[in-house]
Every structure is written in structure tokens, then in C-alpha cells.
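Atoms considered below: every heavy atom in the structure, side chains included; atoms not considered: hydrogens, waters and symmetry mates. Residues take their numbers from the sequence shown, with the count starting at 1.
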Amino acid sequence: LALERDSKGTVFVQEIVPGFAAASSLIREQDVVESVGGVAVQGIDSDRLKRLTMGREGTSCTLRLRRGEEPYEVMLVRKMPDVVNEQNLEALHVISR
């Protein structure tokens, strides 16, 4: 799950990275992320956002999102991709930092 922040500080899904948990979920690109693990993400710094979303494989993470005006919640079980390829290699580098 690659997240981005717009000029107003709103966090949104920039890309669904193949092989990770979000790839098999209801999450879509451009969905707005409102909270991660019950923590509102509006205005928090990028490092804290990474710490909220990343974790040990097999642990869960609940995200509250919004698509248009419709809020929804999804619980993801963190996983590493079975196959490393160009699409998910960059995400793996970020996780390992």
C-alpha cells in the first residue's frame, strides 16, 4: 500500500502494491485514509504514518478509509509478497529501512 499526502494534508492511497495485504482487499487507489489502528492520520508526519502501517508479518492493522462520501473500514493482516518483482521491490526497500 503506497500512501501519498495532498497539499491539504489528506492521506490517500496512491498505489496498491502487488503481493502485500492490501492487494487482496477492498482498498482502491485514491481512497482517502482517515485512520490507522484508531489513530487519525490527518496532519501526522510521514515517519509516524509509516510506523502505524508497517509491522511484523502476520499482525493485523485496521484502516478507516473513505471512497467519495462513503466511509468504510478494513482489517489487513500484514504479509510479505511470495514473489519479489519490480512492482513490489521498492516497497520492500522501504520496509527494510
### Task
Starting at CG of Asp31, measure out to CD of Glu70 and round the result to the nearest 0.5 Å.
11.5 Å
## Note on the structure
Given the options Ile27, Thr59, Thr62, Leu76 meets side-chain contact (heavy atoms from CB on, under 4.5 Å) only with Ile27
### Task
Any chance you could measure Met54, atom CE, to Leu49, atom CG, to the nearest 0.5 Å?
9.0 Å
### Query
Under 4.5 Å between any side-chain heavy atoms of Leu65 and Val13, yes or no?
yes
## Note on the structure
The reported gap from CD in Glu15 to CD in Gln30 (rounded to nearest 0.5 angstrom) is 11.5 Å
### Message
Any non-hydrogen side-chain atom of Phe12 less than 4.5 Å from a side-chain atom of Asp6?
### Response
yes
### Message
What I'd like to find out is whether the side chain of Leu1 reaches to under 4.5 Å of the side chain of Thr53, using heavy atoms alone.
### Response
no
### Message
Do Ile16 and Val32 land in one hydrophobic cluster if side-chain heavy atoms of ILVMFWY residues count as linked below 4.5 Å?
### Response
no
### Spatial distance of atom OG (Ser35) from atom CD (Glu73) [nearest 0.5 Å]
6.5 Å
### Message
Minimum heavy-atom separation for Val33 and Val41, please, with both atom names.
### Response
O-CG2, 3.1 Å
### Task
Answer yes or no: is there a side-chain heavy-atom contact under 4.5 Å between Ser60 and Arg78?
no
### Message
Just so I know, are the side chains of Ile44 and Val11 near enough to count as touching, which here means a heavy-atom distance under 4.5 Å?
### Response
no
### Query
Can you find a pair of side-chain heavy atoms, one from Val36 and one from Cys61, that are under 4.5 Å apart?
yes
#### Entry: Side chains of Thr10 and Arg5 in contact at under 4.5 Å (non-hydrogen atoms)
no
### Task
Give the intermediate values and the outcome of side-chain contact (heavy atoms from CB on, under 4.5 Å) for residues Val39 and Arg48.
CA-CA 10 Å; Val39 178; Arg48 178 133 191 251; 3.7 Å; yes
### Query
Any salt bridge between Lys79 and Glu57, counting N to O under 4.0 Å?
no
### Query
After noting the C-alpha distance and the side-chain angles of Tyr72 and Arg67, does the key distance pass the side-chain contact (heavy atoms from CB on, under 4.5 Å) rule?
CA-CA 8 Å; Tyr72 71 98; Arg67 185 173 301 143; 3.4 Å; yes
